[in-house]
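Comments concern the structure below.
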Amino acid sequence: MTPDQDLRAAAVHYLRQWEVRDYATMRSLCTDTATVWHNDGSGDQPIDENMELLRRLAEDVGTLRYDIVRQFQHGDEVLQQQVLHLTTTDGSRSEVHAAMYFRFDDGLIDRIEEYFHVVPVNESMPSPGSPDQR
């Protein structure tokens, strides 16, 4: 495996650990000073605060699965497009379409940025031209 493949695999490995709720392994893949940013306007978040947020989010989730659509790497940075498929404990489903950026420092994740949009799966979308679209 090349160093480029190692970093791309590390980014995916981090996400796979959330699928199985292994927060200790997720945390071990990050530097002590790692930060996370989301496009929700809340600013940077320390990695430990983000781990707690992920734990709370997972409380209402029955299953979650990532599909990695594509990845790009330049040096110590990985950018990937992905879809997170979620089923909550009440049976509702949604997809989180996202672009996620990882910056690595000495093989560990030092920064994560996630640009996302949540799409409910169970709700039907109005057809084009319907009154709901006007």
Which heavy-atom pair separates [X] from [Y] by the least distance, and what is that distance?
X      : Y      : answer
Gly107 : Leu7   : CA-CD2, 4.3 Å
Met51  : Tyr23  : SD-O, 4.0 Å
Phe102 : Ile112 : CD2-CG1, 3.9 Å
Arg21  : Val61  : NH2-O, 2.7 Å
Leu108 : Ser28  : CD2-O, 3.6 Å

Side chains of [X] and [Y]: does their closest heavy-atom pair fall under 4.5 Å?
X     : Y      : answer
Ile68 : Leu15  : yes
Val36 : Glu114 : no
Trp37 : Arg111 : yes
Val83 : Tyr66  : no
Glu52 : Asp48  : no
Gln73 : Asp6   : no
Leu64 : Leu84  : yes

*With Arg16, which residues qualify under side chain to side chain donor-acceptor pair (under 3.5 Å), at least two apart?*
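Arg16: side chain to side chain donor-acceptor pair (under 3.5 Å) contacts with Glu19.
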*Take Arg27 and Asp32 through the side chain to side chain contact (heavy atoms under 4.5 Å, CB included) test and state the conclusion after the steps.*
CA-CA 9 Å; Arg27 183 61 183 93; Asp32 291 339; 4.2 Å; yes
_Nearest-0.5 Å distance that lies between atom CE in Met26 and atom CD1 in Ile109_ =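 It is 8.0 Å, given to the nearest 0.5 Å.
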*asked:* Quick check for you: to the nearest 0.5 Å, what is the distance between Asp60 atom CG and Thr87 atom OG1?
replied: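 With rounding to 0.5 Å, CG (Asp60) is 13.0 Å from OG1 (Thr87).
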*Going through the distances and angles, do His38 and Asn50 end up as a side chain to side chain contact (heavy atoms under 4.5 Å, CB included)?*
CA-CA 10 Å; His38 293 100; Asn50 184 257; 3.4 Å; yes
*Are Asp67 and Arg65 close enough for a salt bridge, meaning some N to O gap below 4.0 Å?*
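Looking at Arg65 together with Asp67, the answer is yes, because their closest N to O distance falls below 4.0 Å.
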*Taking the side chain from Asn39 and the backbone from Phe116, do they hold a donor-acceptor pair closer than 3.5 Å?*
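Side chain of Asn39 to backbone of Phe116: a pair is present.
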*Under 3.5 Å, is there a donor-acceptor pair between the side chain of Gln17 and the main chain of Thr25?*
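Not a single qualifying donor-acceptor pair exists.
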*Evaluate side chain to side chain contact (heavy atoms under 4.5 Å, CB included) for Val78 paired with Tyr101, printing each intermediate quantity in order.*
CA-CA 6 Å; Val78 173; Tyr101 163 84; over 6 Å; no
*More than 12 non-hydrogen atoms from neighbouring residues, nucleotides or ligands closer than 6.0 Å to CG on Asp40, yes or no?*
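Atom CG in Asp40 is crowded, with more than 12 foreign heavy atoms closer than 6.0 Å.
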